[in-house]
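Computed from a predicted structure; not experimentally measured.
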2 protein chains.
Amino acid sequence: MNVRTFCLGILALGDATGYEIRKMVSQGPFSFFSEASFGSIYPALARLTEEGLVECREEAQSKRPDKKIYRLTSAGRAALEAALQNDPGPDRTRSDFLAALLFAECVAPERIPAMVASRIAQHRTQIAALEEIADDPDLSPAARFVIEYGLQSLKAARDYLESHADGLARELAGARPAAE
Amino acid sequence: MNVRTFCLGILALGDATGYEIRKMVSQGPFSFFSEASFGSIYPALARLTEEGLVECREEAQSKRPDKKIYRLTSAGRAALEAALQNDPGPDRTRSDFLAALLFAECVAPERIPAMVASRIAQHRTQIAALEEIADDPDLSPAARFVIEYGLQSLKAARDYLESHADGLARELAGARPAAE
DNA sequence: TTCGACACTATCGAGTCGATATATCATTCC
DNA sequence: GGAATGATATATCGACTCGATAGTGTCGAA
């Protein structure tokens, strides 16, 4: 799914500005499984407007810069439906942490325990943020499902780190006892 | 972590051709948390060679196209160590599936149960593939740790889908009973 | 009163993806 | 026997996306 389709989808949930779309992607219920920067959102919205899939009404505000509020057209809704027909590609996880672990093992193994500890903390923060979102009683069934899904896999990852960090440290230490 | 650093890291584990790097990224122990296409690997290797961080020896093969085997130089190893100093950014999961679920809810809710079912199948396949890799007794401690980590979070996701798919379907059906 | 956070727009260069091209051999299937 | 497929291996190109940056104004806090 490209940013284009993503914008269509978010606008299907309600009108929004580019700024709001960005906020949903980076903080809202979408935050843990998607990314999109202004550099892709604004051009996407511009092109979608050209093609008549979204409409834009400009709202001049006296106190702030103009708002451009985008709204899905019926052509846009049809395009979104079409895009949802083909089944979504596989999930892709990008983890610099795991990559760094593998590389560190052969370049700087002494750093590994600290890396794992720091990652556990990050996981806890992320879980807390998601749990806060999950508290909202107004979530739609699908939104709740998605958030719980993320929470479960995040917690599994955290639990794994917490219960196996020491084991890894021991193995690493054991493999190169001369280093100490 | 960019493809550049990624190549350095993989070469730290052993000499390789561009093709082999690609295979490790798309199939090996790296497959579930990283991606990189030829379009980024080859330019990265070329630049790394220019900069003296990797060396390339060409091996003319009679029956196949020439192999360009890349090897990390000591400068390359130093660069990798430096890159591993700054702690890795947060993990990012990109899930078109979850996005599609949220969008489908308001555009084509009747498709959701099929989408979930298809995703469960995909998860099982992915888990089986990872378990096969995990069977290798020669895995280094860190590699085993990384694979187990992936396996745990993948299984948690699968379990969640398996045990909550029906609930979601029921809620969806309940919310729009007139559709049936 | 200056500082930073927020709301809102937008662009640019560098990096990356996905498709495609080229070529040879091995295997498999009809 | 021959055709199709797929693995090994190289590499490029256009389109897309990221991350940084820039501008402009409000508001609250230090």
Counting heavy atoms from C-beta on, name the nucleotide in [options] closest to the side chain of [X].
X     : options                : answer
A/S37 : C/dG18, D/dT10, D/dC18 : D/dC18
A/K67 : C/dT9, C/dC17, C/dC8   : C/dC8
A/Y19 : D/dG19, C/dC8, D/dT12  : C/dC8
B/V3  : C/dC17, D/dA9, D/dC18  : C/dC17

Within the structure, does a side-chain N or O atom of [X] lie under 4.0 Å from either OP1 or OP2 of [N]?
X     : N      : answer
B/R92 : D/dG19 : yes
A/R47 : D/dC16 : yes
A/S40 : D/dC18 : yes
B/Y42 : D/dA11 : no
B/K68 : D/dA11 : yes

Integer-rounded Å distance: [N] [atom2] and [X] [atom1]:
X     : N      : atom1 : atom2 : result
A/D96 : D/dG19 : CG    : C1'   : 14 Å
B/N2  : D/dC18 : CG    : C1'   : 12 Å
A/L45 : D/dT17 : CG    : C1'   : 14 Å
A/E59 : C/dC8  : CD    : P     : 10 Å
B/F6  : C/dC17 : CZ    : C1'   : 15 Å
A/I21 : C/dC8  : CD1   : P     : 13 Å
B/R22 : C/dA19 : CZ    : C1'   : 12 Å
A/Q27 : C/dA5  : CD    : P     : 14 Å

(message) What's B/R94 touching, base or sugar-phosphate or nothing? Going by heavy atoms closer than 4.0 Å.
(response) nothing
(request) Look at all strands and tell whether B/A36 reaches a base, only sugar-phosphate, or nothing, counting heavy atoms closer than 4.0 Å. (result) sugar-phosphate
(request) Take the angle between the ring planes of A/F33 and A/F6 and call it parallel below 30°, perpendicular above 60°, tilted in between. (result) tilted
(request) Using the six-membered ring wherever Trp is involved, compare the ring planes of A/Y160 and B/F145 and label them parallel, tilted or perpendicular (cut-offs 30° and 60°). (result) tilted
(message) Taking the cut-offs as 6.0 angstrom to the six-membered ring centre and 45 degrees off its axis, would you call A/R22 and A/F38 a cation-pi pair?
(response) yes
(message) Could you check whether A/E55 pairs with A/R71 (Lys NZ or Arg NE/NH1/NH2 to Asp/Glu carboxylate O, under 4.0 Å)?
(response) yes
(request) In plain terms, say whether A/D87 and B/R119 are close enough for a salt bridge, that is, a side-chain N and a carboxylate O under 4.0 Å apart. (result) no
(message) For A/F38 and B/G39, find the nucleotide of DNA chain D closest to each by heavy atoms; which residue's nucleotide sits nearer the 5' end?
(response) B/G39
